[in-house]
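One-based numbering along the sequence shown. Keep in mind that the numbers below use all heavy atoms, side chains included, and drop hydrogens, waters and symmetry copies. Just follow the structure's listing: the first ligand is 1, and inside any ligand the first atom is 1. Keep in mind it's a predicted model, so treat the numbers as computed, not measured.
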Amino acid sequence: MKKSIITLLIVMAMLRSYAIEGMYLPLLLKQLNEKEMQSMGMKLTAEDIYSVNRSSLKDAIVIFGRGCTGEVISTEGLVLTNHHCGYGAIQRHSSLARDYLTDGFWAMNRNEELPNQGLTVTFLVSMDNVTSRVLQGVSDDMTERKRDSVVRLNTRKIEKLAADSSGLTAQIRPFYYGNEYYLFLSETFRDVRLVGAPPSNIGKFGGDTDNWMWPRHTGDFAVFRIYADRNNKPADYSTENVPYKPKYHFPISLRGVEKGDFSMVFGYPGTTRQYLPSIAVENITGLLNPVAVKLRDRRLNTFSAAMNADKEVRIKYSAKHANIANGWKKMIGESKGIDRIKAVNRKREFENRFQAWASEALAGREQFRGIVPEFSRFHAQLKPLSLARTYINEAALGVELLRFALQFEELVKASGGKKQTDEAVQKILNRLLTSSAEFFKNYHQPIDRQLMEELLEIYARESDKAFVPESMQRILARNKNSFKALTASVFDKTIFASQSKLETMLKSYKPTQVTILTKDPAYILATEFNVFLSEIITPETRQIESKLDSLQRVYVQGLMAMQPEKRFYPDANSTLRVSYGAVDDYLPMDAVHYRHYTTIEGIMEKENPDIYDYVVEPKLKQLYLTKDYGRYADKNGQLRTCFIASNHTTGGNSGSPVINANGHLVGINFDRNWEGTMSDLMYDSDMCRNISIDIRYCLFVIDKFAGATHLINEMTIVE
Ligand code: ARG
Ligand code: GLU
């Protein structure tokens with residue numbers, strides 16, 4: 001009796017994580033996931049989530065801009081996404097006089113909502129498995145190149161047919177390295193207006209210091225509205241447009257979440273690589289990440305020192321810093337996480353088992369026997385190329401001047417071409433004038449000089465000698481190998497160091513003057529680096545990757561044949577997916593236990609008026625002091641800010657709705673925990689958590705902080 005209780009307790013302890021690995025196709029939920037989701041507490045059916053015949057949750061999900069997700073939350077086309085997804089739009093409307101990034105922005109009526117040129121949202125209308133049509137005419141003995149061309153031809157034909165007959169955008173995407181293909185029909189809206197954004201002290205609270213980390217207190221949300229023409233169809237911006245009437249919008253729950261509650265994330269995850277062999281993972285996390293991290297360290301340190309010394313430099317470099325730091329921190333976490341869960345070893349052991357299975361003398365196994373050794377062979381070939389690419393991208397082209405000079409290749413090419421019209425050249429000149437203005441607006445030369453010296457020195461010392469540009473060797477030889485002299489020589493002579501000279505040149509440019517560019521030392525150096533990429537590294541990489549792709553394709557077939565009971569999911573590829581799991585805490589290290597939610601108390605704990613990332617908005621502090629949380633407080637009167645759950649997410653899931661068992665919105669996804677960032681390569685249910693803003697904090701900021709109660713009034717609130 002006692003024994004069985006103990007066994008039960010052990011089993012329960014093992015089951016304590018409610019995590020479900022995977023990002024599933026909404027179309028296949030019925031078949032693969034519905035039962036399990038319901039057993040975890042979900043009250044919905046698969047048809048409620050994705051249906052082509054009636055409105056379903058998917059009709060409230062959009063691809064927001066380039067690479068984020070958003071969700072519709074009113075009958076009037078109101079959309080929620082992350083502050084960091086709306087950042088560009090908010091920044092473009094900002095100036096010193098009206099600094100919406102710093103102070104926030106709230107349209108108090110429809111007329112005040114701000115249009116954003118180029119910003120779009122896309123709804124999925126339907127998806128279908130078109131594998132057999134795409135693979136028509138493909139046979140096993142075809143070369144990879146032949147297969148590609150057949151697939152490409154079929155794809156174009158099917159897409160065109162689908163687009164013509166539906167009037168929608170049609171796109172086919174491969175899954176499982178081309179074992180399956182799905183057709184996506186979608187509709188893109190082009191008039192998307194900014195409705196509201198909190199000040200950065202809320203929307204970016206904790207900044208890069210807290211980025212990728214739990215416990216978190218960031219109010220990372222922004223509000224937009226979709227506009228359509230009078231027929232509710234997509235249209236370019238016009239004052240005649242009216243708020244879009246969606247097929248579905250999310251009701252918002254004020255009930256909050258507790259540990260163990262079912263949770264689901266519905267959005268557009270970008271890229272994962274779950275099926276890579278051990279050797280590939282080892283190359284990424286053991287070699288490429290550390291090199292990139294080291295080189296980014298240099299850049300970030302140099303940026304930071306200058307930013308701390310000068311407020312103007314801070315403004316100029318904050319977006320660049322955030323961008324570089326985001327990837328930098330992700331890579332550090334990913335490498336650590338892979339080490340911690342011994343992913344490379346686990347994969348290697350699995351590959352041994354796979355090899356043994358493939359070697360059994362059974363019909364149909366032969367095709368799988370060569371895969372693991374071939375992986376090793378091709379990844380060994382790929383390794384030096386990937387490393388060289390990392391050095392060029394992170395060191396050489398980490399010098400802003402060089403990256404900028406590279407943009408002028410287009411002009412050089414156009415200047416030589418006989419077929420180029422004056423008009424075409426003029427177009428390029430106009431574009432370059434715009435880029436030039438943008439470049440110099442956020443450029444601080446002393447930073448870049450220092451970095452050129454440091455980064456090229458590391459480059460020359462560490463990277464493959466075959467990829468050291470001739471012009472660089474020549475100048476170094478003339479100057480006793482001094483990188484200071486190299487840097488000075490480039491900066492003193494290049495036209496790209498002076499905005500006025502460069503723009504004067506562009507304004508009066510004639511194709512006959514092309515030598516101004518082709519003899520420029522920065523241009524020469526930059527293009528030499530780029531030639532290594534475009535003429536050697538990229539083509540060779542492509543060739544190897546095409547072989548690896550076909551290996552991966554057969555490998556996945558093998559995995560499925562070897563584990564017929566296992567449920568598989570395709571890698572993320574920026575198509576609509578459902579991840580589900582539960583609200584859950586975790587144990588990040590020995591003796592430390594992280595609770596599953598944070599509160600406004602934590603904002604006050606972190607407050608530090610001297611540290612940019614931790615300045616607390618006075619108005620927020622006021623609301624805190626008077627505990628004026630209204631109906632957004634939890635049952636203990638506390639205001640919760642963020643929570644974590646075990647949903648398997650990745651970049652692109654930013655802004656995704658986090659949905660409870662009833663299909664109501666309870667949060668907005670915006671990040672992952674640092675200990676879990678390896679989930680793009682291998683998911684671990686003990687460590688991987690997605691981070692969401694508690695929807696009640698979001699509504700509190702809209703309502704109590706910003707006084708934009710009219711927005712709350714158009715939402716469907718479930719008390
Ligand atoms: N880590 C999140 C993502 O990958 C948020 C990035 C933006 N926030 C920041 N502090 N840089 O996109
Ligand atoms: N912040 C990420 C994004 O922009 C989401 C975090 C993640 O990678 O999971 O999509």
Side-chain angles (χ1 to χ4, degrees), residues 21-23 61-71 80-88 90-91 101 197-198 200-214 216-222 265-274 296 300 303-304 307 314 317-334 337 571-577 579 581 606 611-614 642 644-658 667-684 687-693:
E21 172 179 349
M23 306 162 169
I61 314 278
V62 294
I63 302 176
F64 185 91
R66 262 172 286 158
C68 279
T69 305
E71 53 276 4
L80 279 179
T81 187
N82 288 148
H83 185 263
H84 78 259
C85 297
Y87 201 84
I90 305 165
Q91 185 174 41
L101 266 187
S200 288
N201 287 344
I202 290 176
K204 227 191 147 194
F205 183 77
D208 288 327
T209 320
D210 283 9
N211 190 24
W212 295 114
M213 309 253 266
W214 184 255
R216 193 69 158 274
H217 302 86
T218 314
D220 197 345
F221 79 95
V265 174
F266 202 3
Y268 283 88
T271 312
T272 59
R273 294 178 288 175
Q274 311 286 329
R296 284 183 182 215
L300 292 169
F303 284 10
S304 295
M307 285 163 78
R314 168 173 293 283
Y317 275 72
S318 69
K320 294 183 201 176
H321 187 280
N323 242 329
I324 297 170
N326 194 41
W328 165 83
K329 206 161 175 181
K330 156 89 193 289
M331 288 186 271
I332 296 173
E334 185 175 73
D571 271 322
N573 60 356
S574 299
T575 58
L576 186 59
R577 303 293 179 91
S579 323
K606 283 178 178 171
I611 299 180
Y612 184 83
D613 289 342
Y614 296 117
C642 298
I644 46 175
S646 60
N647 304 293
H648 191 178
T649 55
T650 187
N653 271 125
S654 272
S656 298
V658 186
I668 311 169
N669 186 74
F670 71 94
D671 212 356
R672 267 176 292 164
N673 62 333
W674 213 12
E675 299 84 357
T677 43
M678 75 298 191
S679 66
D680 292 350
L681 299 168
M682 191 186 270
Y683 181 85
D684 175 52
M687 274 312 159
C688 294
R689 299 290 177 266
N690 65 311
I691 304 178
S692 311
I693 173 170

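Salt-bridge check for Asp680 with Lys330: passed, with a basic side-chain N closer than 4.0 Å to an acidic carboxylate O. Ion pair Asp671/Arg689 not flagged as a salt bridge, since none of the NZ, NE, NH1 or NH2 atoms sits closer than 4.0 Å to an Asp/Glu carboxylate oxygen. A salt bridge links Asp210 to Lys606: one of the charged nitrogens lies within less than 4.0 Å of a carboxylate oxygen.
Annotation for ligand 2: atoms under 4.0 Å from non-hydrogen atoms of Asn653 are 10 (O). Of all atoms in ligand 2, listed by their number and element, those nearer than 4.0 Å to a heavy atom of Trp212 are 6 (C), 7 (C), 8 (O). Counting atoms of ligand 2 from 1 in the listed order, those under 4.0 Å from a heavy atom of Gly652 are 3 (C), 10 (O). The ligand atoms of ligand 1 that sit less than 4.0 angstrom from a heavy atom of Gly207 are 10 (N). Distances below 4.0 Å separate heavy atoms of Asp671 from the following atoms of ligand 1: 1 (N), 2 (C). Set against the non-hydrogen atoms of Asp671, the atoms of ligand 2 under 4.0 Å away are 6 (C).
For atom 7 (C) of ligand 2, the closest heavy atom belonging to the protein is Arg672 NE, 3.3 Å. Protein heavy atom closest to atom 3 (C) of ligand 2, with residue, atom name and distance, is Ser654 OG, 2.3 Å. For atom 11 (N) of ligand 1, the closest non-hydrogen atom on the protein side is Asp208 OD1, 2.9 Å. In terms of protein heavy-atom proximity, atom 12 (O) of ligand 1 is nearest to His84 NE2, 3.3 Å.
Judged by distance alone, the side chains of Trp212 and Asn326 do bring a donor and an acceptor atom under 3.5 Å apart. Asn573 and Thr575 share a side-chain donor-acceptor pair at under 3.5 Å.
Remark: Arg314 is positioned above the aromatic ring of Tyr612, its terminal NZ or CZ atom under 6.0 angstrom from the ring centre and at most 45 degrees off the axis.
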>> Set out, in order, the CA-CA distance, both residues' side-chain angles and the distance that settles side chain to side chain donor-acceptor pair (under 3.5 Å) for Thr650 and Asn653, then state yes or no.
In response: CA-CA 6 Å; Thr650 187; Asn653 271 125; over 6 Å; no
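With hydrogens and angles ignored, the 3.5 Å screen pairs a side-chain donor or acceptor of Thr272 with a backbone N or O of Ala572. At distances below 3.5 Å, not a single donor-acceptor pair connects side-chain atoms of Thr81 with backbone N or O atoms of Ala222. Judged by distance alone, with hydrogens and angles left aside, the side-chain atoms of Asp220 form no donor-acceptor pair with the main-chain N or O of Phe670 at under 3.5 Å.
Here's the thing with Phe670: one of its N/O atoms is less than 3.5 angstrom from an N/O atom of ligand 2. The shortest N/O to N/O separation between Cys68 and ligand 2 does not fall below 3.5 Å.
For Lys330, no heavy-atom contact with ligand 2 is shorter than 4.0 Å.
Between the choices Asn211, Ile691, Asp220, the shortest heavy-atom distance to atom 1 (N) of ligand 1 belongs to Asn211. Of the listed options Asn326, Thr677, Asp210, Asn82, Asn326 places a heavy atom closest to atom 6 (C) of ligand 1.
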